[in-house]
Amino acid sequence: MEATATPQGLRRTRHALDRFGDKALYVITGSAAVLTLVIIALIIWKVVEGAWPAINKFGISFVWSATWNPVMEVFGAREFVLGTLLTSFGALLIAAPLSIAIALFLTELAPPSVRSPVGSLIEMLAAVPSVVVGLWGIFVLGPFIRADLGPFLHDYLGWIPLFATTPQQTGVLAAILVLAMMMVPITTSICRELFLTVPRDVKDASIGLGATRWETIRGVIVPFVRGGVVAGITLGLGRALGEAIAVTQVIGNSLRPLHFSLFEPGNSLASQLASSYQSAPTNIEISSLVYLGLILLVITFTTNFVAQRIVHRFEKQTGAR
Amino acid sequence: MRKTALALVALLLTALVAVGAAGAKTGKSQATVINGAGSTFVSPLVSLWTPALGTAFDYTLQYSGVGSGAGITAITNRSVDFGASDAPLTADQFAACNGCVQIPWALAGTAVPYNIPGGPARLHLTGAIIAKIYLGQITNWNDPAIKAVNPKLAAGETLPDLKITPVYRTGNSGTTYNFTDYLAAVSPQWSSQIGRGQSVNWPAGVGASGSAGVAGVVKNTPGAICYVDTAFALSNGLHFGAIQNAAGNFIFPSIRNVVAAGATVKSVPAGNELHIVNPDKTNPLAYPISTYTYIILPQKTQNAPALRKMVFWALTQGQAGKYTAKLYFAPIPKVVLVASEKALQGISS
């Protein structure tokens, strides 16, 4: 008691406490990080375990085999893989430029009174549940594609195989548009935050040197945040790759080989999982569906990995300059 | 400030305790709760039964129409007291369910609605034509085969030059089982190339999820055709076809005609699996796409006495016209009733 009352004793206790606090912080944050790793490892383990009977039966050729026939119990993933890639990257092609444009407008060009209301409206779009987006796809977008957009594309661009068949209200095109609509708010809000991080003086310097708005955007703002934009687009892409419910509602869910026309029905990995997993009548079908999930997992990891490489490369370039 | 917050918390706690005590007091006389899940097809009938079961036995029946397949999963996991399915259990499902019985407890028809602007209100169809439409071989409503069975159209009605869009249920569905069971019975090509199942590899058409999704697509797509239960087609204001049966008559899924189809069961096999699609030509009134739908019960269950009472009521009083008629369910025939009651005796706690 006497010892701790002296200043020196107090300091010693404080030191011990501080050290303990730092240790505790390290352990707590560290175990949170380890927990993510453990969860991912458990997910992979359970998915592989569930898919094992199908892996055993169909082998790796499952990935590029085109037949999915629940009656004959022959299963293959090719159409779903193609459908997932086609719809997600199709949506990316539409959503990425759109999101960057919206974000640039909101941060650089729009009058200040417009910026935050429109910005929060776009962020609200991200909160719309996917089943509602899907219903909108069925009742609004689908009929619009069949009666207006589809015939227009078919009449003027029908010579391109993508628009060669009669427009229908459910199909790959509807899925692409629905996914694009779901990607835009995510990517836009990330890009908006990023563009806001570009320092005022850098932009002013560019304008001061006589650059136009467009030259400033192209030469200063975009290079400054390139890596982040790629990361934001990847997040949006992740949402598109894994989106199940909304896609199921509009894609037409065919089990046939994917048609080259965007008006024809297709399918995707997540959509097939969502529509069939809960009620699959045979064990081998359940296992094959889990195998689809495994493939989706691999695709998601790969795209994230590639995106990280790109971000890394951009950062290096920016650093070198 | 802090005091107010504390007072509020105290008040809330007191209220909670009071509610808890009240709950405990009335707990003794509370109704038996029976949970079920499965078939969307039988779901409207179950919701008509629910209040009647409440007054008869003081049972509270909670049923979720999550689809036949999901219902089978639910009873397999024992997360409900009973499951309901329109398709009989597969061997894998029986094994997984570990001592379950399926009991036929309702009978209904699957209608074939269509959307032809300016088309006939009473379209005649044959099994062969429907199979060819779903095989992608008949693709236009002005096809000679369709014209041949619709020789006399009312004034102003035409079979237009319009692409046929066959619509099917996405994922696994008991209605799909019934429909493909019928197509396999009437078309050798369907039987050998596609087969019957809760989900099949459709050679043509587009998928939509759930009866509501299918009806939505058909309503919005001129030229579409689909299959849903009769009550659903009626409540959505869809026209549906008269289907030619084996006797050569064009038949609507009215109760009388579904009863005629149900009556073609002469004996019930051991597993209670019944097929009444496309009955032979000695049944001039039989609607050819009819099905029994099943309740799935575990043989050993704590709730056995209540479940036995409930199902017995459903099989007998529950078949009365005041419940079944407006939903286009037909009362089950005696031979099936006897078999179902026998199976019910095997349920114990």
Side-chain angles (χ1 to χ4, degrees), chain A residues 66-75 79 131 134-135 137-147 165-171 174 244-257 263-267 271-287 289, chain B residues 38 66-74 85 87-93 95-96 136 139 162-163 165 167-174 176-177 180 184 190-191 193-210 212-224:
Chain A
T67 319
W68 184 277
N69 192 327
V71 180
M72 312 293 176
E73 296 185 10
V74 179
F75 300 103
E79 301 320 313
V131 67
L135 285 176
I138 293 177
F139 293 108
V140 181
L141 180 66
F144 172 70
I145 290 178
R146 179 178 48 75
T165 59
T166 323
Q168 309 183 32
Q169 73 166 23
T170 50
I245 298 302
V247 173
T248 299
Q249 285 169 298
V250 299
I251 199 169
N253 303 291
S254 93
L255 299 174
R256 302 185 292 278
F263 297 132
E264 294 293 315
N267 215 328
S271 153
Q272 179 65 14
L273 259 173
S275 62
S276 300
Y277 181 75
Q278 219 193 359
S279 50
T282 57
N283 297 337
I284 189 71
E285 182 172 349
I286 294 175
S287 178
L289 286 164
Chain B
V66 288
S68 296
I72 293 169
T73 311
S85 170
L89 294 185
T90 63
D92 274 357
Q93 286 171 334
T139 57
L162 179 65
K163 188 187 161 207
T165 305
V167 183
Y168 52 82
R169 282 274 294 270
T170 294
N172 298 290
S173 137
T176 299
Y177 182 86
T180 53
W190 189 277
S191 172
Q193 288 178 11
I194 312 297
R196 61 171 68 83
Q198 295 178 37
S199 153
V200 301
N201 193 338
W202 299 98
V206 298
S209 38
V214 167
V217 172
V218 170
K219 267 188 177 171
N220 285 307
T221 310

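Convention: sequence-line order gives letters A, B, ...; per-chain numbering from 1. Worth knowing before you read on, the calculation uses all heavy atoms, side chains too, and leaves out hydrogens, waters and symmetry mates.
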Practice task
Counting only heavy atoms closer than 4.5 Å, note whether B:Thr165 contacts chain A via side chain, backbone, both or neither.
Solution key: side chain

Problem - Any residue of residues 244-251 of chain A which, by heavy atoms, sits under 4.5 Å from chain B - result: A:Thr248, A:Gln249

Exercise for the section: Would you confirm whether B:Asp92, through its side chain, and A:Asn283, through its main-chain N or O, come within 3.5 Å as a donor-acceptor pair? Expected result: yes

Handout entry: Residue B:Ile194 versus chain A: region with a heavy atom under 4.5 Å
Key = backbone

Handout entry: Contacting region of B:Arg169 [heavy-atom separation from chain A under 4.5 Å]
Key = neither

Practice task
Please report the closest heavy-atom contact between A:Arg146 and B:Pro222, naming both atoms and the distance.
Solution key: NH1-CD, 3.5 Å

Completion exercise
Minimal heavy-atom distance between B:Asn172 and A:Ser276, with the atoms involved, is ND2-O, 3.2 Å

Problem - Heavy-atom donor-acceptor pair, A:Arg256 side chain to B:Asn201 backbone, under 3.5 Å - result: no

Practice task
State, with a plain yes or no, whether a side-chain heavy atom of A:Pro70 is found less than 4.5 Å away from one of B:Gln198.
Solution key: no

Completion exercise
Turns out that what part of B:Thr90 lies under 4.5 Å from chain A's heavy atoms comes down to side chain

Exercise for the section: Under 4.5 Å heavy-atom distance to chain A, tell me which part of B:Lys219 shows up: side chain, backbone, both or neither. Expected result: neither

Practice task
Examine whether an atom of A:Gln272 lies under 4.5 Å from a heavy atom of chain B, and if so say whether it belongs to the side chain, the backbone or both; otherwise answer neither.
Solution key: neither

